[in-house]
Amino acid sequence: MMRLYNTLTHAEDTFAPAVDNTVRMYTCGLTVYARGHIGNFRTFVCVDVLRRTLKHLLGYRMLHVMNFTDVDDRTIAGAQKAGMDLRAYTDQYIATFLEDARALGLEEVEEMPRATDEVNLRAMADLVGALDKSGHTYRSDGSVYFKISSLPDYGRLARLDHEGMKPGARVDSDNYAKEDARDFVLWKAAKDGEPAWDIVDPPGRPGWHLECSAMALRLLGGPPIDIHAGGIDLIFPHHENEIAQSEAATGKPFSRFWVHVEYLLVDDRKMSKSLGNTYTIPDVVARGYRPSAVRYLLLSAHYRKQLNFTWASLTQAEESLTRLTDFLARVDAVTRQGSHPEIAERVDEGRKAFAEAMQDDLNTAAALGAIFELVRALNSAIDAGEIGAGDVPAVRDAFDRFDRVLGVLSLRRAEDEQPPVPVEEVERLIEERHAVRRRRDFATADQIRNDLAARGVLLEDSAAGTRWKRK
RNA sequence: GGCGCCGUCGCCAAGUGGUAAGGCAGAGGUCUGCAAAACCUCCACCCCCGGUUCAAAUCCGGGCGGCGCCUCCA
């Protein structure tokens, strides 16, 4: 049974899908005006872990939508500056997103719609039509607005106290005329040189909030959907407004659960493009770190706590992951015959602890703790010769299951399979070193080992032979 | 000004009433040609001050410090 924190109720609620065994989930994806940074990806990695937990640990079917926002002020400005067509401009960043998503081991979701797809624009127009009909809209200066005063329930998610709002706080950053500062734009008036679609009266382009509601409702079926997820900064206004327009249009609750991922900080400040303190996956790789370590780091803290990114903690993540993959290599090397029932018992304990932690509002830190405790117990058994080939399948199966949820071990191992020195050369040098070691020419043997280490390949000798690994 | 979150070992990080998981780094040891890996041992009065309780990292009150939201944001 999964307990999941729900922003709507401010409590951990027990989660199960409302209909059948299928979880219908929507994640607010990236606005594709620039390459996503690792702060953006913290949200996507955490949502990926939620998805994997629901799918692989709890056995639900997933119908998961994550969108690309490919039309807004920033994408339009970026395309104009680059002298490119909006579609071509945003294509670039969709491509880099997919590249980074693959590097971070994000599972493919069922649907990745983009706002400017014809079918989605049509869904948005329909939504505006429904809101027109039910009297929740007005038009001003060629834009269509949502009238907050028509929805008494407005503000339930963010629980903002409008009486106490700071006089100087930003209000109404849009340059459009509104009746009430809290009203938001559904459909923005066409402007010269900007893309516009003649699909709503008057022609224009979608407001940010509209697209998510329309695509969620179109692709996930009748509301309420099960889970709506995104970064914590989207609670207000984005998600509040999605709720308003969706519920006003359908008369039904929009989403049963709202899941929000806390910020990634850097130097104790929010990582954001506007502060200029962002790192992308290529930035991290250029510094000699691997995407798997980024994923591990993002997983090592609870998703509802701020996580301060430092290069030191990324180094620690690399080391922790190495401990895990070294262990897996040791398990693979077990050749002793037979089996020991207490191994299976210990593995079961670990699996249970892992499952309980994940179901406790995705307590990934505790789940990793359970894994490391199991690793120590099993390493100990390997040293003592108290594990046999008969035990290995159960161990492998357990770690496969852990990793279907965390998605980090197989990612690491896949990276390991692309060493900086060709495998044939490594193997040839190991043979060469083996020969000189037999002659007790340790100076040459150490030379070979040092040379390889300098090129990023580490050798480890043991009774069973020499194994190599990527640094 | 209003609202919210957070403060646990040198670093990262679980733990929300029963006496502090785990990882990284460090010290000593076992093993090893050496190294690495692995194992064993060691390493925390939980920001401060009050209170409640048989019992508090955990609950309550008050400080101090940090982060965020209040219509660009993942």
Side-chain angles (χ1 to χ4, degrees), chain A residues 10 27-31 36-47 72-74 158-174 178 181-185 208-209 229-238 240-241 260-265 268-275 296-297 300-302 304-308 310 312-324 326-327 329-330 353 357 360 363-373 375-376 379-384 437 440 442-443 445-446 449-450 453 458-463 466-467 469:
Chain A
H10 283 224
T27 304
C28 289
L30 195 65
T31 299
H37 55 73
I38 58 178
N40 299 131
F41 279 105
R42 179 184 190 191
T43 296
F44 304 135
V45 166
C46 290
V47 167
D72 81 319
D73 292 347
R74 292 168 298 168
R159 303 189 183 196
L160 288 181
D161 169 15
H162 284 276
E163 308 308 311
M165 288 226 280
K166 191 179 186 175
R170 281 172 303 168
V171 164
D172 189 16
S173 74
D174 274 320
K178 294 193 257 189
R182 292 149 67 210
D183 291 345
F184 60 91
V185 67
W208 178 32
H209 318 303
I232 195 166
D233 44 354
L234 299 186
I235 293 176
F236 191 85
H238 185 51
E240 195 66 66
N241 291 348
H260 293 103
V261 179
E262 255 290 357
Y263 292 124
L264 185 68
L265 310 180
D268 293 310
R269 310 280 306 171
K270 175 180 173 181
M271 181 178 286
S272 76
K273 285 161 188 154
S274 48
L275 290 173
Y296 183 96
L297 177 61
S300 62
H302 189 84
R304 285 195 289 115
K305 263 187 143 178
Q306 292 176 348
L307 170 58
N308 190 38
T310 63
S313 53
L314 194 54
T315 301
Q316 291 172 13
E318 294 274 4
E319 295 305 324
S320 303
L321 259 179
T322 300
R323 176 166 164 81
L324 294 175
D326 280 354
F327 163 74
R330 288 193 90 197
D360 179 16
N363 192 341
T364 45
L368 286 168
I371 290 178
F372 278 107
E373 283 180 350
V375 164
R376 182 158 35 75
N379 265 328
S380 204
I382 292 172
D383 282 354
R437 281 182 79 209
R440 304 194 65 78
F442 294 119
D446 290 351
R449 188 170 60 196
N450 292 341
L458 301 179
L459 299 188
E460 285 177 14
D461 300 322
S462 74
T466 299
R467 129 175 156 60
K469 66 179 179 187

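Labels below follow one simple rule: chain letters A, B, ... track the order of the sequence lines, proteins then strands, and each chain is numbered from 1. The structure presented is a predicted model; accordingly, all values stated were derived computationally and were not measured.
- For A/S300, the side-chain atoms get nearest to B/C12 when compared with the rest of B/C12, B/A74, B/G22.
- Both A/D360 and A/V261 lie near RNA chain B, and the one whose nearest nucleotide falls closer to the 5' end is A/D360.
- B/U32 makes up no base pair with any nucleotide shown, lacking Watson-Crick or G-U wobble contacts both under 3.5 Å.
- In this structure, the CZ atom of A/R42 is 14 Å from the P atom of B/G68, given to the nearest Å.
- Side-chain atoms of A/Q316 and base atoms of B/C11 include a donor and an acceptor less than 3.5 Å apart.
- Using the six-membered ring where Trp is involved, A/F184 and A/H209 have ring planes that are perpendicular, over 60° apart on the 30 and 60° scheme.
- With hydrogens and angles ignored, the 3.5 Å screen pairs a side-chain donor or acceptor of A/N40 with a backbone N or O of A/H37.
- Remark: the separation of the C1' atoms in B/G10 and B/G17 is 30 Å, to the nearest Å.
- Nucleotides B/A20 and B/A13, compared at atom C1', are 13 Å apart to the nearest Å.
- Between the P atom of B/A14 and the NZ atom of A/K305 lies a distance of 4 Å, rounded to the nearest Å.
- Comparing B/C31 with B/A36, their P atoms sit 16 Å apart, to the nearest whole Å.
- The ring-ring contact (aromatic ring centres under 6.0 Å, His included) test applied to A/H260 returns A/H239, not counting sequence neighbours.
- Residue A/Q306 has its side chain nearest to B/G68 when only B/G22, B/A13, B/G68 are considered.
- Using Watson-Crick or G-U wobble geometry with both donor-acceptor distances under 3.5 Å, B/U16 finds no partner in any strand shown.
- Of the listed nucleotides (B/A74, B/C67, B/G33), B/A74 has the atom at the smallest distance from the side chain of A/T43.
- Note on A/T31: only backbone sugar-phosphate atoms sit closer than 4.0 angstrom, heavy atoms only; bases stay farther off.
- Closest approach of A/A229 to A/V47, counting heavy atoms only: CB-CG2, 3.9 Å.
- B/C12 and B/A25 have their P atoms separated by 15 Å, given to the nearest Å.
- Distance noted for atom P between B/A55 and B/A38: 44 Å (whole Å).
- B/U52 and B/C3 have their C1' atoms separated by 28 Å, given to the nearest Å.
- In a base pair of the Watson-Crick type (N1 to N3 plus N6-O4 or O6-N4) or a G-U wobble (N1-O2 and O6-N3), with each distance short of 3.5 Å, B/U41 is matched with B/A27.
- When the C1' atom is used for both B/C69 and B/C54, the distance is 43 Å, rounded to whole Å.
- Smallest separation of non-hydrogen atoms from A/A301 and A/T364: O-OG1, 3.5 Å.
- Residues passing the side-chain contact (heavy atoms from CB on, under 4.5 Å) test with A/A445 are A/R433, A/V436, A/R437, sequence neighbours excluded.
- Residue contacts for A/A301: at a heavy-atom cut-off of 4.0 Å it reaches the sugar-phosphate backbone alone, with no base atom in range.
- Rounded to the nearest 0.5 angstrom, A/D233 CG and A/S272 OG are separated by 9.0 Å.
- Rounded to whole Å, the C1' atom of B/C70 lies 39 Å from the corresponding atom of B/C24.
- Both A/T315 and A/F442 lie close to RNA chain B; mapped to their nearest nucleotides by heavy-atom distance, the more 5′-ward contact belongs to A/T315.
- Here B/C3 sits opposite B/G68 as a Watson-Crick or G-U wobble pair (both hydrogen-bonding atom distances under 3.5 Å).
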Can you give one letter per nucleotide of nucleotides 34-40 of chain B, 5' to 3': B if a protein heavy atom sits under 4.0 Å from the base, S if only from the sugar-phosphate, - if neither?
BBBSSSS
